[in-house]
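Following: one structure in structure tokens, then a few remarks.
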Number of protein chains: 2
Amino acid sequence: MDLETVRTFVAAADAGQFQEAAAELAVTQQAVSKRIAALERNLGVRLFTRTARGAELTIDGQAFLPHARELLRVAERAVASVRTGRRPLRVDVIASRSAQSGLMRGFHRAHPDIELDVVMLFDIETAVAAIRSGAIDASFRAVAVPGRPLPEDIESVRVLDEPLQLLTGPAHALAGARSVTVAQLAGHRIWMPGIVPGTEWAAYYDDLVAEFGLTIEATGPNFGSDALLDTVADTPALATFMGEPTRLVWLADHGLRRIPVTDPTPVYPHSLLWHRDKPHPALATLRAHLAATAAGHDATGTWAPGWVIPR
Amino acid sequence: MDLETVRTFVAAADAGQFQEAAAELAVTQQAVSKRIAALERNLGVRLFTRTARGAELTIDGQAFLPHARELLRVAERAVASVRTGRRPLRVDVIASRSAQSGLMRGFHRAHPDIELDVVMLFDIETAVAAIRSGAIDASFRAVAVPGRPLPEDIESVRVLDEPLQLLTGPAHALAGARSVTVAQLAGHRIWMPGIVPGTEWAAYYDDLVAEFGLTIEATGPNFGSDALLDTVADTPALATFMGEPTRLVWLADHGLRRIPVTDPTPVYPHSLLWHRDKPHPALATLRAHLAATAAGHDATGTWAPGWVIPR
DNA sequence: CTGTGGGCACAACCGTTGGTTGTGGCCGAC
DNA sequence: GTCGGCCACAACCAACGGTTGTGCCCACAG
């Protein structure tokens with residue numbers, strides 16, 4: 001199906017005749033006739049009843065019309081999403097199931113009129129480069145890895161601390177615990193495949209390991225979180241970390257247990273980054289929304305690396 | 001833009017390489033390459049970065065991807081809307097701003113998973129024919145015009161009485177009234193263009209006129225409700241009837257006044273009609289929903305023609 | 001460093017699609 | 001009955017989109 005054909009259908013439905021629609025689309029009446037005929041052939045139904053002074057929609061045509069309009073709307077939004085200049089607010093998040101995705105969903109609920117696109121970049125270096133090039137408008141990241149400070153033209157504000165929880169299979173030694181302390185984790189194997197050295201998330205876990213003497217294995221390729229969870233569920237000696245907002249529904253299927261970590265609770269610090277000189281119109285709204293929702297969080301009893309920017 | 005191209009883009013993005021996407025779509029790798037190149041040319045941005053072992057999305061490509069998926073979803077729904085057998089529930093209403101549209105919106109809110117198409121047919125005769133032919137699954141209509149009883153295979157239930165209100169311009173003699181009695185309306189000109197003799201709505205207004213001695217003019221072609229409202233707003237001697245649920249927002253612009261009618265309140269009786277032997281899977285849900293919402297309405301002090309089916 | 005294999009792009013070719021012009025038929029209005 | 005408006009069909013042609021054949025690039029292994 002061709003969108004130009006759909007556009008022709010809508011034009012003909014609105015005009016009530018092919019002739020006028022043809023003029024509107026700057027083609028001949030015969031072309032419209034052919035397009036509609038082809039569409040009807042594809043769909044297997046008659047969309048118009050041809051009368052002596054025009055064409056009016058059949059019942060099927062009436063049912064199809066709003067879907068056709070919706071199709072054109074979505075197509076327009078799709079094109080707008082990659083239009084240079086005045087495109088939707090484009091934000092980078094670290095993972096689709098992470099806390100910042102929840103923040104963005106909340107923002108979208110609060111401001112459904114603001115067009116939004118979410119992308120996932122590799123690491124903060126890529127994100128900063130994308131912000132500076134204008135490819136994205138903002139990024140949620142843990143910032144300021146030691147030795148690599150943010151450039152002058154990038155501003156940031158800490159918006160969310162995501163508590164880490166332990167994820168174990170039903171046969172794990174700690175599976176029955178209501179909560180565990182960080183000290184208890186020493187000696188247990190924690191598996192987090194896919195950690196790439198040099199990224200800011202690798203730096204976070206490096207610091208976590210150094211601070212509390214944990215054992216985090218990053219061996220093996222990352223086959224996606226489903227494969228990870230399957231393995232953790234089936235391997236009694238293995239556990240992994242996962243952010244708190246991860247939905248429970250798809251954990252239950254695997255028989256997985258989520259256990260809060262305390263004394264202190266490691267939190268992954270998310271900051272919003274943006275360019276000092278390239279303010280997207282919707283960016284101010286996003287910052288205001290985040291400031292409003294982030295207020296009231298308590299940092300006592302939590303741990304984050306010393307190199308992250310303070311709250 | 002061609003939907004087959006969009007489908008190709010999504011397949012390539014999912015596969016991470018053109019070759020595999022080509023196999024999935026049963027075309028050659030070169031065809032995929034050409035399609036993607038054409039799409040990139042149309043959009044004016046690069047969607048993939050070609051690497052030695054595949055193609056991965058650029059930031060623009062990542063932003064475009066969810067829109068592309070949405071486009072395919074909408075297209076599928078559009079095709080499904082005219083598919084014979086197992087298509088969405090298709091309901092006929094009398095006018096888009098009428099009470100039944102509100103009912104259908106409420107139903108959609110209550111059951112967002114049920115696919116729904118709304119059409120507007122000419123009169124009950126057309127609607128009954130469409131129900132019997134299977135073109136629609138149900139219809140909201142005032143039924144049983146005297147002398148033309150419903151066929152045996154059509155069932156119906158009265159679901160909503162829509163109170164009529166008087167609509168006047170600011171300079172109308174009754175513009176300041178909080179409410180008017182039917183008796184007060186005698187002698188005032190009420191204009192309702194577009195009433196077609198022989199339809200069930202014409203029969204309703206005929207009965208209303210005969211019962212209370214009103215003056216309803218149906219002269220002149222119907223140029224749409226906007227033109228009607230403009231004229232009513234500017235003509236002190238003219239008023240019209242409109243159903244109660246009509247939204248106020250777009251009445252205020254015209255300086256229009258809506259005045260309840262009492263002693264008695266004329267109500268337009270809407271019934272749901274459906275075929276005894278062609279039950280759409282979702283029809284039972286709709287009937288249950290209507291039964292639940294319609295309960296508790298009070299018929300005292302209202303008037304409807306004697307020929308409509310009882311509540 | 002070099003050979004190799006996998007993957008994408010370019011070129012040439014060709015059938016089909018989708019546009020045009022020209023024309024005919026139908027139906028409602030006068 | 002005639003006229004006018006509108007849509008469908010036919011013939012023709014350009015352009016698009018597919019195929020096969022081939023070359024280049026890059027990652028990886030030897």
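Chain A is the first sequence line, chain B the second, and so forth, proteins listed ahead of strands; every chain is numbered from 1. For clarity, every value in this text was computed on a predicted model and none was experimentally measured.
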**Report entry** Side chains of B:S139 and B:D92, donor plus acceptor under 3.5 Å
**Finding:** yes
Report task. In whole angstrom, give the distance that lies between atom NZ of A:K34 and atom P of C:dT16. Result -> 15 Å
Query raised in the report: Among D:dC26, C:dG19, C:dA9, which is the nearest nucleotide to the side chain of B:A52?
Result: D:dC26
Query raised in the report: Just to confirm, is there a sub-4.0 Å distance from OP1 or OP2 of C:dC8 to any side-chain nitrogen or oxygen of B:S33?
Result: no
Query raised in the report: So, do A:F64 and A:F9 have ring centers that fall under 6.0 Å from each other?
Result: yes
Query raised in the report: Quick one: does A:Q30 reach the base of D:dA10 with a side-chain donor-acceptor pair under 3.5 Å?
Result: no
Requested in this report: Whole angstrom is fine here: how far is it from CD in B:E40 over to P in C:dC10?
Outcome: 11 Å
**Report entry** N/O (side chain, B:R50) to phosphate O (OP1/OP2, D:dC26) under 4.0 Å
**Finding:** no
Requested in this report: Determine: side-chain N/O of B:Q29 to OP1/OP2 of C:dG7, distance under 4.0 Å, yes or no.
Outcome: no
Query - the helix from C:dC1-D:dG30 to C:dC30-D:dG1: angle between end helix axes, five pairs per end, rounded to 10 degrees - result: 30°
Report task. Compare side-chain N and O positions of A:R35 against OP1 and OP2 of C:dG19 and report whether any pair is under 4.0 Å apart. Result -> yes
**Report entry** Considering all heavy atoms, the nearest B:R83-B:R87 contact
**Finding:** O-CB, 3.1 Å
Query raised in the report: Within the modelled atom types, does a donor on one side and an acceptor on the other bring the side chain of B:Q17 and the base of C:dG6 under 3.5 Å apart?
Result: no
Query - B:G54 or A:T28, whichever maps to the more 5' nucleotide of DNA chain C - result: B:G54
